[in-house]
Amino acid sequence: MLQRGWLNCNQVVLREKGANVLIDSGYCTHREETLALLAGPGGFSGEPLERLINTHCHSDHMGGNAAVAAAYGCEVIIPEGEVKHVVPWTPQSAWMEQFDQRADPFCHDATLAAGDTFEAGGLEWEAHAAPGHDMDALLFFEPRNRILVSGDALWENGMGFVWPEAGDNSFIDAARAALDHIEALQPAVVIPGHGATFTNVAGALGNARGKLEAFARDPVKNARHVVKVMFVFALLDRQLMRVADVPTYLERVACYGELSERFLHLAPEALAAWLLTDLERAGAITVAAGTVRPTMPA
Ligand SMILES: [Zn+2]
């Protein structure tokens, strides 16, 4: 695994002579860095790449698809349920415009669905549904060694955000079911979409469930979490933003207005003040000389 940060997902490198496979391609603005890593010893060391497979079609997982496909001439395979989000390609494909995210447009050659199997790295992998963070996401499980490639369905210390709803939340219900499904698979090792590979699966499941239940009980807390995550993501892409520009930014990008209107009830100025104070206190950003910068790696 090529471990990246929080703007780029990790790349899972599955090597097999004449049949190399890559899982997930990172964010588009870091495409050159991704290609350099893939060409290096932790990647394919100059060997051809036959297939690129996505766990889901969010910008941090498919943003580099076009660059990787152009560099290697590989086949691109996406979850069947994601096709509707990326064909035809629009500014809103996989909700990017709504969140101020980008990805280079790409074409897929084939799809994978839950229940399908595929060969990679000399092993046979199963595709399983992993809805919640992305309702159409898949995870990939190798039953002999019990290796799980979890995407954003489970990280060592959490999981990808789950969209808030007042009252019943089908996204949280789906995420709960996905965690139960992971538990039933009994993985020995998890290769996540972000963060380090881990083996304490019970601990990670307990952690993710705890967060999910807190968000289920308190949709406003969940909305705050999503606002913070999306803003830090945008900041990782830009690397800095002027403090004075933050309210206008929050007003311009649709997801913030939507979450504020439904849950937070803060005007852009107040939303910006809360957001920067909270993120700075959490150590996720620094605010100095009128400029906001992220503290974590992209
Ligand atoms: Zn991700």
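Atoms within each ligand, like the ligands themselves, are counted from 1 in listed order.
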Within 2.8 Å of the Zn ion (ligand 1), is there any N, O or S atom belonging to His56?
no
For the Zn ion (ligand 1): the N/O/S atom of His194 at shortest distance:
NE2
Output, in order, the C-alpha distance, side-chain angles, deciding distance and verdict of side chain to side chain contact (heavy atoms under 4.5 Å, CB included) for Phe171 and Asp173.
CA-CA 5 Å; Phe171 304 108; Asp173 290 343; over 6 Å; no
Check for a donor-acceptor pair, side chain of Ser59 on one end and backbone N or O of Gln101 on the other, with a separation under 3.5 Å.
no
Does the shortest distance from the Zn ion (ligand 1) to an N/O/S atom of His133 fall below 2.8 Å?
no
Angle subtended at the Zn ion (ligand 1) by His61 NE2 and Asp60 OD2, to the nearest 10 degrees, is 100°
Tell me yes or no: between the side chains of Glu183 and His181, is some donor less than 3.5 Å from an acceptor?
no
Pairing of Lys221 and Asp218 as salt bridge, 4.0 angstrom limit:
no
If you look at Asp152, which of its N/O/S atoms is nearest to the Zn ion (ligand 1)?
OD2
Heavy-atom count check: over 12 atoms from other residues, nucleotides or ligands less than 6.0 Å from Glu258 CD?
yes
